[in-house]
Number of protein chains: 2
Amino acid sequence: MVSEKTIGRLSLYRRLLTELLADDRLNVYSHELASLAGGTAPQVRRDLMAIGYSGSPSKGYDIADLADSISSFLDNPNGTRVILVGVGNLGRAIMSYFKIQRPTLNIVASFDSDPKKIGSDICDRPCCDIAELETKALELDVRMGVIAVPADRAQNVSDKLVTAGITGILNFAPTRLKVPDHVYVEHVDLTTSMEKVAYFVQSGRKSTEPDA
Amino acid sequence: MVSEKTIGRLSLYRRLLTELLADDRLNVYSHELASLAGGTAPQVRRDLMAIGYSGSPSKGYDIADLADSISSFLDNPNGTRVILVGVGNLGRAIMSYFKIQRPTLNIVASFDSDPKKIGSDICDRPCCDIAELETKALELDVRMGVIAVPADRAQNVSDKLVTAGITGILNFAPTRLKVPDHVYVEHVDLTTSMEKVAYFVQSGRKSTEPDA
DNA sequence: ATTAAGCTGTGAACTTTTTCACAGACCATC
DNA sequence: GATGGTCTGTGAAAAAGTTCACAGCTTAAT
Ligand SMILES: NC(=O)c1ccc[n+]([C@@H]2O[C@H](COP(=O)([O-])OP(=O)(O)OC[C@H]3O[C@@H](n4cnc5c(N)ncnc54)[C@H](O)[C@@H]3O)[C@@H](O)[C@H]2O)c1
Ligand SMILES: NC(=O)c1ccc[n+]([C@@H]2O[C@H](COP(=O)([O-])OP(=O)(O)OC[C@H]3O[C@@H](n4cnc5c(N)ncnc54)[C@H](O)[C@@H]3O)[C@@H](O)[C@H]2O)c1
């Protein structure tokens, strides 16, 4: 089984490969990809081994082909439809960023509790009443949700998402969500990230880890 | 030496302890803190052992005292002064969020290249010209920086920060920064986080990791 | 007093992740 | 067609991180 860390790095490799393609590169060696990704060559080779991809000793990896292989491993072939709850400062930043993104990751609607926002379009997507979350989510056939509401509302929103059949949540609220076993949660804790950097600045310690 | 993972969890524990304090709790057991943090009891005890903190077998840990111990381990006693570069959607969200935060983490100024933003105040802090970064950073005596500029500008901004004496960077741009050895970089890669969740949704795999 | 229960601190075992190191493949050049 | 250099794929070793399991302490109840 492919480890969670490898999944994250594959996503990174794919993005780097896309950039290389745009530069008209055709092939890449593990050590080059490693250097771009901030890792080591053996690690790149292990990660690719995990998805059963093979390169050639002379040319390295075929960039376009590898990117395709990673995509067919990572992506849902029908694309992933996403809803976002909490259209505040952060929610809006995310909406605007992923609006322009690849069609495979598609934020199809947002939800809020603020009457001023409900009914309007945020980044070309309808902003709906949080009360309609369950019905709308089923209707839109969505499996993934993003939580960007204040911390004290996050667990409640999470419960609603789970009821609506969501099985993956990206959570920006500084709260550890309690969810059933079949639901995957990724916590993005910006305060902790800030405090970690502050600690390393304060202590004078240098970076040791291959990746955050 | 305290591991990077432990540093991150200590930051989380401190926030949970602060919440418990606000609920007038005085003591907490490792298994309670573990449950709030989404971890295990032995792990909490190991993490606290790493900073040399001891609880009592009968009462567990003294909440206020433990929070203080974590703070004196993590924080610079004079506070950490931070500058942010790139006042776009994301940069503004972060400015507004950390404006209200504890005085120990203080975003003192922002920088941008857009003449419309330069000179104005963003969240009560001056927005300066990126060209002045080096001089202003020295003047403000800042050691930590946040990068929220477009990907193709990130390395250039990073170089400027390093020249200005910054030793810790929180980077939101989807670019792996090249920095000298003494500089600590934390990458927050939201696209990868999204894609990870999408993968787990698509594959039907459940969450296994103790923490993201 | 004595017993019982439930906690912490920690050596040791275990698991996961990363790195090493080298056989085998491939190409370019002589 | 042999030689040398440089790559991949991978078993094995090492390192890092986590969990187990229990001794020892403290309190509460009998
Ligand atoms: N902005 C940041 O940089 C930052 C940093 C760290 C953490 N966070 C966390 O991210 C979350 C969002 O941050 P923000 O700065 O965007 O906050 P915000 O206050 O700007 O936005 C919150 C939004 O959620 C909406 N909302 C409130 N209750 C709701 C409910 N029950 N259902 C649906 N919508 C609801 C509000 O109307 C508002 O639009 C918060 O939990 C915050 O702690 C943000
Ligand atoms: N918004 C998101 O949700 C999101 C998600 C993933 C990644 N990111 C990354 O975060 C970064 C910022 O995202 P955003 O949505 O805020 O973008 P944005 O375009 O809204 O903001 C970028 C800001 O940087 C400024 N800028 C450009 N060049 C500069 C320079 N050389 N020096 C100083 N300032 C400069 C621009 O004037 C603008 O204010 C980008 O790298 C983006 O890829 C953002």
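We name chains A, B, ... by the order of the sequence lines, and we start the count at 1 in each one. Owing to the predicted nature of the structure, the values given are computational and were not obtained by experimental measurement.
- The CE atom of B/Met1 sits 12 Å away from the C1' atom of D/dA16 (whole-angstrom rounding).
- Applying the ring pair (Phe, Tyr, Trp, His ring centres under 6.0 Å) criterion to A/Phe111, with sequence neighbours excluded, gives no partner residue.
- Rounded to whole angstrom, the span from the NE2 atom of A/His31 across to the P atom of D/dG5 amounts to 17 Å.
- Taking atom CG of B/Asp47 as the reference point, atom C1' of C/dG9 lies 14 Å away to the nearest angstrom.
- With sequence neighbours excluded, no residue satisfies ring pair (Phe, Tyr, Trp, His ring centres under 6.0 Å) with B/Tyr53.
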Summarise how protein sits on nucleotides 23-30 of chain D as a single string, 5' to 3': B when a protein heavy atom is under 4.0 Å from the base, S for sugar-phosphate-only contact, - for no contact. -BBSS---
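- Rounded to whole Å, the distance from CD on B/Gln43 to P on C/dT8 is 15 Å.
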Per-pair distances, 0.1 Å, donor-acceptor, side chain in residues 136-148 of chain A, under 3.5 Å, sequence neighbours excluded:
residue  : atom : partner  : partner atom : Å
A/Lys136 : NZ   : A/Glu132 : OE1          : 2.8
A/Asp141 : OD1  : A/Arg143 : NH2          : 3.1

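- In this structure, A/Asn27 atom CG and D/dC7 atom C1' are separated by 12 Å, rounded to whole Å.
- Backbone-only contact: B/Ser3 has heavy atoms under 4.0 Å from sugar-phosphate atoms and none from a base.
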Could you write out each protein N or O paired with an N or O of nucleotides 11-13 of chain D at a distance under 3.5 Å?
residue : atom : partner : partner atom : Å
D/dG11  : N7   : A/Arg46 : NH2          : 3.2
D/dG11  : O6   : A/Arg46 : NH2          : 2.8
D/dA12  : N6   : A/Arg46 : NH2          : 2.8

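- Among residues two or more places apart in sequence or in another chain, the ring pair (Phe, Tyr, Trp, His ring centres under 6.0 Å) test is passed with B/Tyr61 by none.
- The shortest distance between the side-chain N/O atoms of A/Ser54 and the OP1/OP2 oxygens of D/dG9 is below 4.0 Å.
- Using a 4.0 Å cut-off, no side-chain N or O of B/Arg9 falls inside it from OP1 or OP2 of D/dG17.
- The distance between atom CG of B/Leu66 and atom C1' of C/dT8, rounded to the nearest whole Å, is 13 Å.
- A/Arg153 is linked by a side chain to side chain donor-acceptor pair (under 3.5 Å) to nothing, counting only residues two or more places apart in sequence or in another chain.
- Screening residues 160-175 of chain A for side-chain hydrogen bond (donor to acceptor under 3.5 Å, both in side chains) gives A/Asn156-A/Lys160, A/Asn171-A/His187 as the qualifying pairs, with residues at least two apart or on separate chains.
- Following rounding to the nearest Å, B/Glu4 (CD) and C/dT17 (C1') show an atom-to-atom distance of 15 Å.
- At least one side-chain nitrogen or oxygen of B/Tyr61 sits closer than 4.0 Å to the OP1 or OP2 atom of C/dG9.
- Judged by distance alone, the side chains of B/Arg81 and B/Asn76 never bring a donor and an acceptor atom under 3.5 Å apart.
- Between A/Arg45 and D/dT8 there is a side-chain N or O to OP1 or OP2 distance below 4.0 Å.
- In this structure, NZ of A/Lys5 is placed 12 Å from P of D/dA16, rounded to the nearest angstrom.
- For the 3.5 Å distance criterion, the side chains of A/Gln43 and A/Asp47 fail to qualify, holding no donor opposite an acceptor.
- Partners of B/His31 according to the ring pair (Phe, Tyr, Trp, His ring centres under 6.0 Å) rule, which considers only residues two or more places apart in sequence or in another chain, are B/Tyr29.
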